[in-house]
Amino acid sequence: MNTDTVKFNDLRRVTALHGEEIAEAVQRVTSSGWYLRGEETRDFEEAYARYIGTSEAIGVANGLDALILIFRALLEAGCLQPGDEVAVPSNTFIASILGITENGLRPLLVEPDPVTMQMDAASLEKALTPRTKAVLLVHLYGLCAYTPALEDVISRHKLLLVEDNAQAHGCLYQGSRRTGSLGIASAHSFYPGKNLGALGDGGAVTTSDPGLADLIRALGNYGSQKKYVFRYCGRNSRLDELQAAVLNVKLRHLDADNARRVEIARIYQEGLKDLPGLVLPGFGDEGSNVFHIYPLRVAEGRDALQIRLKEAGVQTLIHYPIPPHMQECYRGWGLKEGDFPIAEKMARSELSLPIHAAMHPEEAQDVVRCLKAAVE
Ligand SMILES: *Cc1c(COP(=O)(O)O)cnc(C)c1O
């Protein structure tokens with residue numbers, strides 16, 4: 001088949017969608033002479049908090065810092081104690097786990113529901129121990145992971161709910177509340193490839209707890225609330241003015257950009273629904289999936305299919321090829337293959353199709369045609 005390459009993501013085109021406004025914003029910051037902790041960051045924090053539905057948003061350097069700062073603040077505030085367990089999905093991206101272990105807390109890996117690929121309420125309840133004090137809920141692939149069943153387990157066991165919203169900007173729970181506003185605090189990443197992406201690194205914490213917000217602001221500012229007075233041994237984690245200005249532009253277009261992703265996902269859903277050996281992702285209820293990733297599952301021969309697609313000019317990725325418990329960095333846990341079979345099966349079968357806000361429907365049709373040819 002003679003198609004141009006369909007890229008997994010195309011950041012040049014994604015940026016060009018709002019290119020003029022972005023160039024204007026960059027020019028404004030460049031000529032202002034003010035590059036950190038200024039008006040752009042304050043405007044973005046206010047607009048993002050309003051969008052998510054929290055009273056506060058705090059710009060930070062990246063998504064991992066957002067997670068690290070949330071757990072550090074919960075420790076400083078006495079809501080968590082060193083060694084406490086934080087439940088987290090066994091199939092998440094490594095940063096979710098690093099945010100926990102960086103703070104001397106212990107991740108309690110919970111297997112996902114094999115259909116939705118999100119944390120499973122029954123598995124959570126079964127895994128809980130007396131040391132489990134919090135849940136880090138990851139809205140993986142852009143699908144809302146929260147459910148009434150999880151809400152029930154979390155409230156009955158008096159667990160703190162923290163969200164990792166790095167993949168789900170704009171996603172809704174039950175059609176009204178945004179992910180990122182559901183628990184005590186939420187981490188957001190603005191890595192360029194995310195649904196709301198900067199032109200470099202960026203991140204934020206959202207919360208409606210003013211005390212926690214002050215603490216996180218201080219911890220990201222060397223531990224200082226007053227100039228040259230250091231209450232905590234903090235770190236330096238700032239969102240810079242250039243990134244904030246770009247994000248101010250892109251936030252205004254986020255809902256429309258997400259709608260384009262959903263449109264691409266619908267083309268895949270329609271085009272692939274009868275293909276044997278493929279499991280397609282669900283859409284959830286209205287607004288609950290912003291399709292950061294379109295995660296197919298391939299019952300058999302995933303790697304061979306990926307190669308055939310590459311030869312046909314379709315770029316795909318795997319999210320993620322090795323689950324956290326089998327990573328070298330966590331060999332000290334003493335876990336092995338077989339300990340989290342659902343996460344392991346996902347790592348063997350997941351295949352992410354191209355999807356981004358600048359993708360044309362015709363490109364998605366090409367991907368469908370290539371996939372049909374490749375599985376036949
Ligand atoms: C991208 C991502 C992060 C980390 O964000 P960075 O900005 O790259 O540090 C954390 N959690 C999840 C689920 C992510 O996808």
Side-chain angles (χ1 to χ4, degrees), residues 8-9 11 14 44 48 57-72 86-103 105 107 109-110 112 116-119 134-146 161-171 179-180 182-183 185-206 216 220 235-240 242-244 246-247 250 258 261 281 289-295 317-324 327 329 343 346-347 350 352 355-356:
F8 179 75
N9 195 349
L11 292 177
V14 169
F44 177 69
Y48 196 59
I58 303 117
V60 299
N62 56 63
L64 175 56
D65 268 13
L67 286 162
I68 290 174
L69 287 165
I70 289 171
F71 286 110
R72 173 78 193 278
V86 179
V88 61
S90 57
N91 59 325
T92 188
F93 180 56
I94 201 74
S96 315
I97 317 267
L98 288 170
I100 298 166
T101 56
E102 275 285 296
N103 281 289
L105 296 163
L109 299 178
V110 176
T116 64
M117 300 178 272
Q118 310 294 335
M119 185 185 274
V135 175
L136 177 57
L137 192 62
V138 186
H139 307 291
L140 203 65
Y141 306 136
L143 175 63
C144 178
Y146 210 33
L161 173 62
V162 176
E163 296 172 82
D164 180 341
N165 200 48
Q167 302 191 356
H169 322 91
C171 177
T179 59
L182 305 173
S186 175
H188 308 256
S189 163
F190 307 125
Y191 176 84
K194 309 286 190 189
N195 290 37
L196 179 58
L199 302 185
D201 274 316
V205 174
T206 50
I216 288 167
R235 48 203 287 142
N236 167 8
S237 189
R238 300 186 278 239
L239 181 67
D240 66 67
L242 269 174
Q243 301 309 335
V246 170
L247 291 166
K250 291 188 75 176
N258 280 342
R261 287 175 177 268
N289 198 340
V290 293
F291 284 98
H292 173 58
I293 299 286
Y294 186 91
L317 291 177
I318 293 164
H319 296 91
Y320 297 92
I322 307 171
Q327 295 288 353
C329 61
M346 249 160 234
E350 198 275 347
S352 307
I355 195 162
H356 57 83

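Just so you know, ligand 1 is whichever comes first in the structure, and atom 1 is the first atom listed for that ligand.
- The ligand atoms of ligand 1 that sit less than 4.0 angstrom from a heavy atom of Ala95 are 3 (C), 4 (C), 10 (C).
- Annotation: atom 1 (C) of ligand 1 to nearest protein heavy atom, Lys194 NZ, 1.7 Å.
- A distance of 7.5 Å separates CG of Leu317 from CD1 of Ile293, quoted to the nearest 0.5 Å.
- Of the N or O atoms in Gln167, one or more lie within a sub-3.5 Å distance of an N or O in ligand 1.
- Taking both residues in full, the closest heavy atoms of Phe291 and Pro281 are given as CE2-CG, 4.1 Å, listed atom of the first, atom of the second, then distance.
- A donor-acceptor contact under 3.5 angstrom links the side chains of Thr179 and Asn165, judged on distance only.
- The distance from atom CG of Leu182 to atom CD of Glu163, rounded to the nearest 0.5 Å, is 4.0 Å.
- For the pair His356/Phe8, no side-chain contact is recorded, criterion being any heavy-atom separation below 4.5 Å from C-beta on.
- Heavy-atom contacts of Ala166 reach the following atoms of ligand 1: 2 (C), 3 (C), 10 (C), 11 (N), 12 (C), 14 (C), 15 (O) (cutoff under 4.0 Å).
- The side chain of Asp164, and not its backbone, has at least one atom closer than 4.0 Å to an atom of ligand 1 (non-hydrogen atoms only; side chain from C-beta on).
- Residue Thr92 has no N or O atom closer than 3.5 Å to an N or O atom of ligand 1.
- When hydrogens are left out, the protein atom nearest atom 9 (O) of ligand 1 is Leu64 N, 2.9 Å; that is the closest non-hydrogen contact.
- Within ligand 1, the atoms closer than 4.0 Å to a non-hydrogen atom of Asn62 are 7 (O), 9 (O), numbered from 1 in the order shown.
- Here is the list of ligand 1 atoms found below 4.0 Å of a heavy atom in Gly63: 5 (O), 6 (P), 7 (O), 9 (O).
- Within the model, atoms CE of Met117 and CG of Leu140 stand 8.0 Å from one another, a figure rounded to the nearest 0.5 Å.
- A 4.5 Å side-chain heavy-atom check between Pro112 and Met346 finds at least one atom pair inside the cut-off.
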